[in-house]
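In what follows, a structure is listed as structure tokens, so that the remarks can point back to it.
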Amino acid sequence: MASRGRKRKAEAEVVAAAGKREKPAGDRKRVEEATVVIEHCTSRVYGRNAAALSQALRLDTPELPVEVNPARPRRGSFEVTLLRPDGSSVELWTGIKKGPPRKLKFPEPQEVVKELKKYLS
């Protein structure tokens, strides 16, 4: 027979999960101009790759602002998203489902720049 403590804890988790929802894409903040957002886990390896990618994006498209982790990043995430002024967003790269090995999570900077230019033109 299960103890009452476990049952209450399980019920509390179900209630907490029901109250926790992801925001729909329409709830994202509106931007005045197109912006590239890089979300990466705070691990050192992720940070180095994000820095290299943001530098490549800034060199190839200097008129486009690049934000790195504007909000708390998800665990193990590495995503590059283009936020448009109309409120829509385009995912340029996601490494969440990629790997092992870990190096598959990170794109080549020129690959992301090419994808970005495709959506900007």
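The analysis underlying the following values was restricted to heavy atoms, covering all of them including side chains, and did not include hydrogens, waters or symmetry mates.
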Subject >> Heavy-atom check, side chain of T61 versus side chain of V113, under 4.5 Å >> reply: no
**OP:** Compare every heavy atom of S54 with every heavy atom of V66, then report the nearest pair and how far apart it is.
**Re:** CG1-CB, 3.9 Å
Subject >> Stepwise side chain to side chain contact (heavy atoms under 4.5 Å, CB included) check, I38 with E67 >> reply: CA-CA 6 Å; I38 300 173; E67 294 181 12; over 6 Å; no
Subject >> I96 versus S77, closest heavy-atom pair with distance >> reply: CG1-CA, 4.0 Å
Original post:
Under the side chain to side chain donor-acceptor pair (under 3.5 Å) test, which residues partner S88, sequence neighbours left out?
Top reply: D86
Subject >> Under the side chain to side chain contact (heavy atoms under 4.5 Å, CB included) test, residues paired with P101 that sit two or more places apart >> reply: K103, L104
Original post:
Which salt bridge (Lys or Arg N to Asp or Glu O under 4.0 Å) pairs, counting each pair once, include a residue from residues 70-80, with sequence neighbours left out?
Top reply: E39-R74, R74-E79
Subject >> Inter- and intrachain pairs under side chain to side chain donor-acceptor pair (under 3.5 Å), touching residues 108-118, at least two apart >> reply: E115-K118
Original post:
What is the distance from atom OG1 of T42 to atom CG of N69, rounded to the nearest 0.5 Å?
Top reply: 8.0 Å
Subject >> Heavy-atom side-chain proximity of L116 to L57 below 4.5 angstrom >> reply: yes
**OP:** List for me each residue that meets side chain to side chain contact (heavy atoms under 4.5 Å, CB included) alongside P109, sequence neighbours excluded, and say none if there are none.
**Re:** L53, A56
**OP:** Kindly give the heavy-atom pair with the smallest separation between A50 and H40, and that separation in Å.
**Re:** CB-CD2, 3.3 Å
Original post:
When rounded to the nearest 0.5 angstrom, what is the spacing between CD in E63 and CZ in R58?
Top reply: 13.0 Å
Original post:
Distance from N49 atom CG to C41 atom SG, nearest 0.5 Å?
Top reply: 12.0 Å
Original post:
Which pairs pass ring pair (Phe, Tyr, Trp, His ring centres under 6.0 Å) with one or both residues in residues 101-121, sequence neighbours excluded?
Top reply: Y46-F106, F78-F106
Original post:
Looking only at heavy atoms, which two atoms of E33 and P65 are closest? And how far apart?
Top reply: OE2-CG, 3.6 Å
Original post:
Would you say S89's side chain and G87's backbone share a donor-acceptor pair under 3.5 angstrom?
Top reply: no
Original post:
Should V36 and V80 count as side-chain neighbours, where that means a heavy-atom distance under 4.5 Å?
Top reply: yes
**OP:** Looking only at non-hydrogen atoms, find the nearest pair between A34 and L64 and report the distance.
**Re:** O-CD1, 3.1 Å
